[in-house]
Amino acid sequence: MKEFLQGIEQKSRNAPSDVVVMKFGGTSVENAAAIRRVAQIVRSRLGSRPVVVVSALSKVTDRLLLMGKAAARGDLETAMQVLQELRQRHQEVALDLVHGADHERVQQSLTLDFEIVSELIRGIAAVGEFSPRTQDSLLGFGECLSSKIASAAFIENGLNVALVDAHDCIVTDTAHTQATPLWDQTNEHLARLLTPLLEAGQIPLLGGFIGATCDGIPTTLGRGGSDFSAAIVGAGLNAERIEIWTDVDGIMTSDPNVCPDALRIERMSFAEAAELAYFGAKVLHPATLLPAMRQNIPVYVLNSRNPDCEGTEIVAQCNGATRVKAITVKRGVAVVDVEAVRRMEPELLREICEMLGRHQCTFDLVSASWSSASLLVGSTLGLPAVAAELKGLASVRWENHKALVCLVGDKIRRPEIAGHVFKAISHVDARMIGQGASERNISFLVDESIADESVRVLHQLFFSSDVAARAASKALCQAGEAWQ
Ligand code: ADP
Ligand code: ASP
Ligand code: MG
């Protein structure tokens, strides 16, 4: 009987469902103190089997990008200055965290990486070109460096960590700078490389954001892609939960940088969170929810600076009152107006969409009338070519510096909600008003310069009573504490 029970215990311990994937973003690993905090958070999960995914130290990816661009325009001096600054920052963080023989080992490994980065920079300067493929090779160093430092620091902290090269785990297509995982190969690599470590009681730690093609060429999953890495790993290992640790208390009713009184959302559905991420909420990479959704793995957004806060729980179903859950902004979009010479036939619209795709102009949201169509694009680079191809059939005009303001919430596509929204912003020049293809969003386009103000007006409309209620309950709690 005892043996039988032990067998069950063993089986349940090895069952994939006690794996928890913990992703720590740039600010969560920004310096030595932050990395120490993260080690404590990982320790608090030792009752499960953690797998850790880390981003580059905060702002490092931006600096690597700047360095590559400087080199490509021949400004090797700036590129080398940035390189030196990055080298010093990483060495200092490692010096603070890792000691003894491990320190020597880590410093040597960092030195080697910076030599390769230096070679890359010189190569970019020599050819005067910073191709997407080279960009991926360069930007990926941020995560390679941070994962080396964090793993050594965690080991010194007594955690049984095994550093894994994410290039060996995440297999992607060749769409450099925006690669998509090849799921079967990736899952096979994850099972082969991570499962034995987990079974041996180790904590695998890998860099987010990066992967490699079948031929081993480095790729990246798009900016902010470490969240996506965590979801890929979580899905591959059929994790019990995926935790996204960041610098805010969870998903908020709006970007707290825009609305300082934004409130934490306690629970939301996968679909709501995906919509929010897709429409610009930087807190989650837009692709993150899909793998979790497919396998029904709950995702938690948590604050590494305030680990006791419960954060936001994202689950399949979230039954609650129908209401606006959050307001977000997708910035830096352009609106393209296509005016047909005759009529905007469905066939012409189809051709326009196909042309945009061919010229790498991904588009969103289309509104069409009898003779024209308006589309939203993230980049206008391909538009001159599209305009040239459409000559004689339609004229093409575009306007930059637009922003899409979006209200998200399950089943909010109701006339009374839309009525409140458009009454509140009646003074604003809004266009391309849409209630989405889903029941989950209401959106409109404004000049980027007035986007934040529009969000604040709507936040006040939909959340002022919650803000007041939370302030009152906080005051009551404080009074209670004072009384005790
Ligand atoms: P990390 O480095 O941890 O990945 P990010 O900077 O990518 O963190 O994402 C966190 C940031 O997202 C927050 O600091 C906040 O400014 C921004 N943000 C935008 N919209 C929201 C929102 N609705 N809720 C929470 N944070 C948001
Ligand atoms: N370091 C990468 C970036 O800044 C990925 C991430 O942080 O998620 O885009
Ligand atoms: Mg992020």
Side-chain angles (χ1 to χ4, degrees), residues 22-30 34 37-38 41 53-66 86 135-136 138-147 150 166 170 177-179 206-211 219-232 243-266 268 272-288 300-306 309 311-312 314 324-331 403 405-409 451-452 455 458-459 462-463:
M22 311 175 74
K23 175 261 170 176
F24 296 93
T27 42
S28 301
V29 292
E30 64 187 342
R37 256 193 325 261
V38 167
I41 295 171
V53 175
V54 290
S55 290
L57 272 54
S58 68
K59 307 275 182 331
V60 164
T61 315
D62 290 340
R63 302 298 285 163
L64 288 165
L65 189 59
L66 185 146
L86 287 179
Q135 183 175 316
D136 277 352
L138 183 63
L139 265 54
F141 272 96
E143 272 69 13
C144 293
L145 297 162
S146 66
S147 57
I170 315 286
T177 76
Q178 279 295 341
L206 57 155
F209 181 52
I210 52 182
T219 52
T220 64
L221 303 170
R223 294 303 308 272
S226 297
D227 302 331
F228 190 24
S229 303
I232 297 167
E243 298 181 347
I244 306 292
W245 290 85
T246 183
D247 61 351
V248 279
D249 273 348
I251 299 188
M252 317 288 280
T253 47
S254 174
D255 184 344
N257 288 322
V258 177
C259 293
D261 57 358
L263 300 165
R264 173 172 66 92
I265 301 170
E266 288 171 15
M268 62 197 310
E272 285 174 323
E275 199 99 25
L276 203 69
Y278 182 74
F279 285 104
K282 189 181 167 227
V283 64
L284 281 180
H285 181 280
T288 310
Y300 296 81
V301 178
L302 298 153
N303 189 350
S304 67
R305 293 169 178 170
N306 184 17
C309 177
T312 300
I314 308 169
V324 173
K325 278 270 175 71
I327 307 168
T328 185
V329 184
K330 191 167 187 161
R331 291 168 219 280
V405 177
C406 189
L407 296 94
V408 173
D452 287 357
V455 172
L458 292 171
H459 197 269
F462 287 103
F463 299 107

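The analysis underlying the following values was restricted to heavy atoms, covering all of them including side chains, and did not include hydrogens, waters or symmetry mates. One-based numbering, in listed order, for ligands and for the atoms of each.
- Between Val60 and Arg63, every side-chain heavy-atom pair lies at or beyond the 4.5 Å cut-off.
- Residue contact annotation: Gly26 has no non-hydrogen atom under 4.0 Å from ligand 2.
- Looking only at side-chain heavy atoms (C-beta outward), Ile314 and Leu284 come within less than 4.5 Å of each other.
- Numbered from 1 in the order shown, with element, the atoms of ligand 2 that lie under 4.0 Å from a heavy atom of Glu143 read 1 (N), 2 (C), 5 (C).
- Of the polar atoms of Asp255, at least one N or O is found under 3.5 Å from an N or O of ligand 1, judged by distance alone.
- When hydrogens are left out, the protein atom nearest atom 7 (O) of ligand 1 is Lys282 O, 3.5 Å; that is the closest non-hydrogen contact.
- The heavy-atom pair separating Ala326 from Phe463 by the smallest distance is N-CZ, 4.1 Å.
- Residues Val329 and Val258 have side chains not in contact (no heavy-atom distance under 4.5 Å, counting atoms from C-beta outward).
- Counting heavy atoms from C-beta on, the side chains of Val405 and Ile327 come closer than 4.5 Å.
- Residue contacts with ligand 1: Ser254 is included, with a non-hydrogen atom under 4.0 Å away.
- Between His459 atom NE2 and Ser254 atom OG the span is 5.5 Å, to the nearest 0.5 Å.
- Contacts between Val283 and ligand 1 below 4.0 angstrom, taking non-hydrogen atoms only, involve backbone and side chain alike.
- Of the protein's non-hydrogen atoms, Thr246 OG1, 3.1 Å is the one closest to atom 8 (O) of ligand 1.
- Using a 4.0 Å heavy-atom cutoff, Gly224 is listed among the residues neighbouring ligand 2.
- Using a 4.5 Å heavy-atom threshold, the side chains of Leu64 and Leu86 count as touching.
- With a 4.0 Å heavy-atom cut-off, ligand 1 is reached by no atom of Ala262.
- Proximity of a side-chain donor or acceptor of Glu143 to a complementary backbone N or O of Ala56 within less than 3.5 Å is detected.
- Between Gly26 and ligand 1, at least one pair of N/O atoms sits closer than 3.5 Å.
- To the nearest 0.5 Å, the span separating CZ on Phe24 from CG on Asp247 amounts to 13.5 Å.
- For Ser304, the closest heavy-atom approach to ligand 1 does not fall below 4.0 Å.
- Every atom of ligand 2 is numbered from 1 in the order shown, and the set under 4.0 Å from a heavy atom of Ser55 is 6 (C), 7 (O), 8 (O).
- Using modelled atom types, one finds a donor on one side chain and an acceptor on the other under 3.5 Å when comparing Asp136 with Thr220.
- For ligand 1, the polar-atom distance check finds an N/O of Met252 within less than 3.5 Å of one of the ligand's N/O atoms.
- Among all non-hydrogen protein atoms, the one lying nearest atom 14 (O) of ligand 1 is Asp247 OD1, 2.9 Å.
- Using a 4.0 Å cut-off between charged side-chain N and carboxylate O, Lys282 and Asp227 make no salt bridge.
- Looking at Lys23 next to ligand 1, an N or O pair under 3.5 Å apart turns up.
- Distance check, rounded to the nearest 0.5 Å: CG of Leu221 to OG of Ser229 gives 4.5 Å.
- Remark: distances from the non-hydrogen atoms of Val248 to ligand 1 include one below 4.0 Å.
- In this structure, Lys23 forms no cation-pi arrangement with Phe228, as its terminal cationic atom is not both closer than 6.0 Å to the ring centre and no more than 45° off the ring axis.
- Protein heavy atom closest to atom 6 (C) of ligand 2, with residue, atom name and distance, is Ser226 OG, 3.4 Å.
- Where the criterion is an N or O separation shorter than 3.5 Å, residue side chain and backbone included, Asn257 meets it with respect to ligand 1.
- Each of the atoms 1 (N), 2 (C), 3 (C), 4 (O) of ligand 2 lies under 4.0 Å from some heavy atom of Thr61.
- Within the structure, ligand 2 lacks His285 among the residues with a heavy atom less than 4.0 angstrom away.
- Heavy-atom contacts of Arg223 reach the following atoms of ligand 2: 3 (C), 4 (O), 9 (O) (cutoff under 4.0 Å).
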